[in-house]
2 protein chains.
Amino acid sequence: MIFNMKRADAATELSVLVDYLQGRDLKMTRPRQTVLEVFLGIEAHVTAEELYDAVRKVDPSIGQATVFRTVRLLEEAGLARSACRDDGARSYEHAYRHKHHDHLVCVDCGAIVEFREAEIERAQAAVYRKHGFEATGHSLELFGRCPACRRKGGTRA
Amino acid sequence: MIFNMKRADAATELSVLVDYLQGRDLKMTRPRQTVLEVFLGIEAHVTAEELYDAVRKVDPSIGQATVFRTVRLLEEAGLARSACRDDGARSYEHAYRHKHHDHLVCVDCGAIVEFREAEIERAQAAVYRKHGFEATGHSLELFGRCPACRRKGGTRA
DNA sequence: GATATATTGATAACCATTATCATTTGACGG
DNA sequence: CCGTCAAATGATAATGGTTATCAATATATC
């Protein structure tokens, strides 16, 4: 049974999750739906703990463990993509109907710019070929100082 | 005072460390030299804990905290480079007189191939320029299946 | 509805890493 | 060489993010 929906456009993501649960003896629950909806409402990279904070505001009865479990579930279902940040924390972003992209990260303010560069993708394919590897995915982060921080900070604080 | 050297070719790295310590009121110590030598003797990516295991075999009196502290020191001194692996653990590799490179990682056996691709570097520079960022570094990992595992595993276990 | 089973929330456990702190050690000046 | 003093050490406790445990609860199916 699927619970009331808050966000109309979450319908497809919800059905993706339901489909994933089907046939695995997994169940659709209110906490899972709430976590999904809150996650979909955040257009940024969040850690499980940040997501937990947001979920709590909607339903304080939902526990931290459930958020951690559910966000992993979302990743398995293809609704979220995760990456380990350089500080060791794992962050999640939307994955459903979101094209692949890489990240440009400001080392001063933490701002994240998403970009796609065909040139890079092509060159990566060449590397795979050259070494006889079968590609399964990649992670690319460019670190630097964003325009705003360059103006503010001068050479660097 | 610098202690007996075991590896003749560690001389330059040692002097880099000594130079770094100089003028910062930091001291050269036997544990630091031992950690450096053991680290230099390992031609692979190691976590601080793996390095600790190796150091212990040489000098069991050296504590874990010292290895963690020293490997960070080596990174600051430019002798090591670290990256957060996808499983969240931080791994270190040699950095002195080692050209920048990226990694091709086998998701089945964990094998790591280092590569350099001028094309990718060029394209990255273009991304920085396009967004007005000042580059400070990047991390690129290509995940895939190595030739050996492709032969063995077929489509995938 | 009743039933079987997955899920939940609270809590404890976990792991890699860092902080604390009394003791030891190295660098420097005599 | 020896004394002095700050830095470094090792043992341990603490931390932060994440996962496991487990009795109570909620869900899908009949």
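In what follows, every heavy atom counts, from backbone to side chain, and hydrogens, waters and symmetry copies are set aside. Residue numbers start from 1 in every chain, and the chains themselves are labelled A, B, ... in the order their sequence lines are given, proteins ahead of strands.
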Is [X] touching bases, backbone alone, or none of the nucleic acid, heavy atoms closer than 4.0 Å?
X	result
B/Thr47	nothing
A/Arg24	nothing
A/Arg72	sugar-phosphate

Take atom [atom1] of [X] and atom [atom2] of [N], then tell me their distance rounded to the nearest Å.
X	N	atom1	atom2	result
B/Asp87	D/dG17	CG	C1'	14 Å
B/Gln33	C/dA27	CD	P	11 Å
B/Asp53	C/dC15	CG	C1'	14 Å
B/Leu73	C/dT18	CG	C1'	15 Å
A/Leu17	D/dT27	CG	C1'	14 Å
B/Asp25	C/dA27	CG	C1'	10 Å
A/Gln22	C/dT5	CD	C1'	16 Å
A/Tyr52	D/dG16	OH	P	16 Å

Discussion item. Just N and O in the side chain of B/Arg30: are any of them under 4.0 Å from OP1 or OP2 of D/dA8?
Written reply: no
Worksheet item: Does a side-chain N or O from B/Arg32 land closer than 4.0 Å to OP1 or OP2 of C/dT25, or not?
Response: no
Discussion item. Quick check on DNA chain D: between B/Ala65 and B/Leu26, whose nearest nucleotide comes earlier from the 5' end?
Written reply: B/Leu26
Worksheet item: Between B/Val67 and A/Gly88, who's closer to the 5' end of DNA chain D by nearest nucleotide?
Response: B/Val67
Side chain of [X] (C-beta onward), nearest among [options]:
X	options	value
B/Thr29	D/dT9, C/dA27, C/dT7	D/dT9
B/Glu49	D/dA7, C/dA16, D/dG10	C/dA16
B/Phe68	D/dA20, C/dT17, D/dA7	C/dT17
A/Thr66	D/dG10, C/dT17, C/dG9	C/dG9
B/Lys27	D/dG17, D/dA8, D/dT9	D/dA8

Worksheet item: Taking B/Ser82 as the fixed residue, which of B/Glu93, B/Glu75, B/Arg72 is the one that meets the side chain to side chain donor-acceptor pair (under 3.5 Å) rule?
Response: B/Glu75
Worksheet item: Which atom pair, heavy atoms only, marks the closest approach of B/Arg81 to B/His98?
Response: NH2-O, 3.5 Å
Worksheet item: What is the minimum heavy-atom distance between A/Gly78 and A/Ala95, and which atoms define it?
Response: O-CB, 3.6 Å
Discussion item. If you assign each of A/Pro31 and A/Gln64 to its closest nucleotide in DNA chain C, which residue comes earlier from the 5' end?
Written reply: A/Pro31
Worksheet item: Should A/Glu117 and B/Lys130 count as an ion pair when the cut-off is N to O under 4.0 Å?
Response: yes
Worksheet item: Between A/Arg116 and A/Asp102, is there a donor-acceptor pair closer than 3.5 Å when you use the side chain of the first and the backbone of the second?
Response: no
Practice prompt. Would you state whether a donor and an acceptor, one from the side chain of A/Arg69 and one from the base of C/dG9, lie under 3.5 Å apart?
Written response: yes
Worksheet entry | Flag for B/His94-B/His45: side-chain donor and acceptor within less than 3.5 Å | no
